[in-house]
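This report refers to the structure that appears directly beneath it.
In what follows, every heavy atom counts, from backbone to side chain, and hydrogens, waters and symmetry copies are set aside. Just so we're on the same page: letters track the sequence lines, and every chain starts at 1.
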Amino acid sequence: MSQFFNQYFNFNVMGEHFGEVLVHFLQNLLLFAVAAFLALIWGLVLAFLRQLPGRKLMPVRFVTIAYIDVFRAVPILILILMISGGVPFLTFLPHSVRIPEWFGRPDPFWYGVAALVIVYGAFTAEVYRAGIEAVPRGQVEAARSLGMSHFQAMRHVVIPQGITKIPAPMLNELISLLKDTTLISVISLSEAVLVSREVLAERLNSSALTLTAVFFLIIILPLARVVDKLIARSQLKITRGSHIEVA
Amino acid sequence: MADAMVKLQGVRKNFGQLEVLKGVDLDVAKGEVVCILGPSGSGKSTLLRCVNLLEPPEEGEIFVEGHDICRGPGSGTGEESWELDFVRQRVGMVFQQFNLFPHKTVMQNVTLAPRTVLGKPKAECEATARRLLERVGLGDKLDQYPERLSGGQQQRVAIARSLAMEPHVMLFDEVTSALDPELVKEVLDVMRELAEEGMTMLVVTHEMGFAREVGDQVVFMDGGVIVEQGKPADVLDNPREARTQKFLGLVLER
């Protein structure tokens with residue numbers, strides 16, 4: 001039993017590598033922040049394209065649905081490997097895209113962001129869609145019968161109501177996204193899991209990985225609580241009738 | 001023709017295999033109140049929804065103020081802009097379930113469309129809204145959210161919201177059917193006033209008393225066609241058709 005604790009909960013190993021793991025965990029958080037920001041926007045764009053009305057825009061809807069279906073099905077790891085292993089050889093792309101080193105971040109960081117945004121855009125699009133579709137049909141009909149265009153009805157009537165219905169499922173996606181930032185370690189982005197594995201290789205001890213897991217726990221648990229509160233508050237607002245403007 | 005505010009010719013509408021409207025002709029003169037009766041599934045709601053193109057008809061023509069709204073430039077699908085802009089700014093609609101915007105106050109419900117669709121200044125929209133809401137007896141509810149209102153009050157807000165777009169024709173789709181019995185009258189009173197002021201109205205309703213008093217014409221629909229139409233006294237008191245007699249027998253028995 002002491003062997004078990006020594007392997008996973010060796011406080012000496014944790015202590016010695018605490019600073020190193022923490023600094024690299026910030027890399028995961030940065031990756032998360034950038035990818036989440038872009039995925040939330042990209043998902044909204046996809047959800048919007050998916051809802052476009054009319055016969056003429058059918059191809060747009062079709063392509064969007066195909067995109068969402070495909071990238072919800074493809075394992076992110078495969079995508080990460082395909083992007084990092086393939087994009088550098090696409091010589092028709094400019095050098096700064098093939099080997100991106102924007103804002104001083106190394107290229108695996110951006111390959112990782114790309115893979116996460118491509119996949120999580122598809123997932124968040126579905127969450128937005130669920131919110132949009134949860135708004136009763138009569139709301140759109142009322143808006144349209146008042147002369148509003150599809151876009152005006154979406155902007156002033158559907159989206160402000162739909163968005164109050166999505167914080168919980170969206171949080172689940174964001175938590176998954178945060179955890180999936182560890183996958184980028186396979187393309188040598190030095191983040192928390194990568195350095196923890198180096199410790200494992202060096203000391204034959206898993207405690208640094210445990211420490212990394214604890215960092216994730218520390219971030220994710222309160223996040224879940226915060227959003228529980230947000231949901232409770234937004235529901236209170238709905239019953240009182242809230243006024244939420246969406247640009 | 002010149003007098004017809006709304007004119008339907010051979011209007012057909014299918015939902016998949018189901019034929020809901022099987023060729024409907026109807027003339028509604030300016031200022032006329034037409035009450036449409038019929039059993040559920042007879043197509044009466046669909047008929048209303050065709051007139052403002054919420055459900056574009058498959059076949060036939062609908063004229064609003066002499067313009068064929070199914071054949072405008074850009075045409076026929078009900079998804080193009082010309083007909084929609086033309087129709088929806090002339091034809092107002094009130095729904096059975098009110099469909100007020102729950103995230104907006106009473107005032108915002110009424111001003112939203114004039115502001116976004118017509119681009120009118122806020123102050124002007126609010127002045128109009130205040131006047132309309134006072135007229136429907138809700139001048140003291142401007143800052144309330146719909147949820148705080150009774151069904152009858154919500155429906156009156158919905159009427160004011162529709163009137164804010166200054167429609168030439170109003171469609172009422174079973175607007176009292178979702179209301180508690182004691183709240184029906186306050187809504188019907190507003191509609192009665194509107195009729196007296198000369199609004200052209202198409203009213204799908206089960207309120208026989210309203211149809212009799214306010215209606216200029218009563219239309220009885222069944223199975224996607226107009227079975228009988230005429231003056232309220234004729235249709236309601238001396239129905240010629242067996243189907244009308246049967247329906248009225250069932251409704252008036254209550």
Answer with side chain, backbone, both or neither: which region of [X] has an atom nearer than 4.5 Å to a non-hydrogen atom of chain A?
| X | result |
| --- | --- |
| Val94(B) | neither |
| Arg90(B) | neither |
| Met93(B) | both |
| Phe101(B) | both |

Inset, instruction - Decide yes or no for Leu146(A) and Leu112(B): does some side-chain heavy atom of the first lie under 4.5 Å from some side-chain heavy atom of the second? - result: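 Of all side-chain heavy-atom pairs linking Leu112(B) with Leu146(A), none is under 4.5 Å.
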Inset, instruction - Working to the nearest 0.5 Å, report the span between NZ of Lys104(B) and CD of Gln161(A). - result: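 Lys104(B) atom NZ to Gln161(A) atom CD measures 9.0 Å (nearest 0.5 Å).
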Legend entry - Greater than 12 external heavy atoms within 6.0 Å of Glu166(B)'s CD: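 No.
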Legend entry - Flag if over 12 foreign heavy atoms under 6.0 Å of CZ, Phe15(B):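 Enclosed: over 12 neighbouring heavy atoms sit under 6.0 Å from CZ of Phe15(B).
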Quick check against the 3.5 Å criterion: does [X] have a side-chain atom that pairs as donor or acceptor with the backbone of [Y]?
| X | Y | value |
| --- | --- | --- |
| Gln97(B) | Gly138(A) | no |
| His103(B) | His156(A) | yes |
| Gln139(A) | Leu100(B) | yes |

Inset, instruction - Specify which of Met148(A), Glu141(A), His150(A), Gln152(A) makes the most heavy-atom pairs with chain B at under 4.5 Å. - result: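 Heavy-atom pair counts peak at Glu141(A).
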Legend entry - Most chain B-contacting option - heavy-atom pairs closer than 4.5 Å, from Ser149(A), Pro136(A), Ala143(A):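 Highest number of pairs under 4.5 Å: Ala143(A).
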Inset, instruction - Pick out which of Asn99(B), Leu171(B), Asn52(B), Asp173(B) makes a side chain to side chain contact (heavy atoms under 4.5 Å, CB included) with Ser145(A). - result: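 Of Asn99(B), Leu171(B), Asn52(B), Asp173(B), side chain to side chain contact (heavy atoms under 4.5 Å, CB included) with Ser145(A) is met by Asn52(B) alone.
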